[in-house]
Amino acid sequence: MHIGSLIRKELKRSGHTVTWFAAQICCTRTHAYKIFRKESIDTGLLERVSRTLGHDFFQDLSKGLAEEDTQPQ
């Protein structure tokens, strides 16, 4: 699961701009774009992102893990 892609999709769904998002999480627009490219993310930052966008990304990650555990190997 690529967390940066999930964040970008949720931001787009919310209708807010990258500039707005960056200001809300106290970073630059450039750093926001770097977040979108990350496969993993610091939990403190993920908490700020979750609160800002009103979306529980931790639940998404947990659900993704559960689905991986049920996949035949």
Side-chain angles (χ1 to χ4, degrees):
M1 179 170 294
H2 192 286
I3 192 64
S5 293
L6 291 176
I7 293 168
R8 174 180 248 164
K9 285 177 190 173
E10 185 60 26
L11 176 61
K12 185 174 183 175
R13 189 199 65 71
S14 75
H16 292 292
T17 65
V18 175
T19 303
W20 173 87
F21 174 69
Q24 296 302 304
I25 63 169
C26 302
C27 74
T28 64
R29 212 170 145 260
T30 301
H31 188 255
Y33 281 108
K34 287 180 183 178
I35 291 171
F36 301 149
R37 290 193 303 269
K38 290 180 175 278
E39 286 187 44
S40 63
I41 190 172
D42 175 79
T43 56
L45 177 55
L46 187 57
E47 180 181 3
R48 286 198 325 261
V49 169
S50 293
R51 289 182 190 280
T52 297
L53 295 177
H55 182 88
D56 188 352
F57 291 100
F58 292 99
Q59 185 177 20
D60 293 343
L61 292 172
S62 181
K63 213 170 22 176
L65 287 174
E67 289 171 3
E68 284 178 13
D69 287 345
T70 61
Q71 298 286 327
Q73 301 213 358

Q | Close side-chain approach of D60 and H55, heavy atoms under 4.5 Å | A | yes
Q. How many angstroms lie between atom CZ of R51 and atom CG of D56, to the nearest 0.5 angstrom?
A. 10.0 Å
Q.
Nearest 0.5 Å, please: how far is OG1 in T52 from CD1 in I7?
A. 10.5 Å
Q | Heavy-atom pair with the smallest gap, counting every atom of T43 and F58 | A | O-CZ, 3.6 Å
Q.
Under a 3.5 Å distance rule, please check whether S14 uses its side chain to pair with a backbone N or O of L11 as donor and acceptor.
A. yes
Q. What residue among K9, H2, R8 forms side-chain contact (heavy atoms from CB on, under 4.5 Å) with F36?
A. R8
**Q.** A32 versus A22, closest heavy-atom pair with distance
**A.** CB-CB, 4.2 Å
Q | Gap separating the CG atom of D42 from the CD1 atom of I3, nearest 0.5 angstrom | A | 12.0 Å
Q) Taking all atoms of both residues into account, what is the closest heavy-atom pair of H31 and L45, and its distance? A) CE1-CD2, 4.4 Å
Q | Flag, side chain of S50 to backbone of L46, donor-acceptor distance under 3.5 Å | A | yes
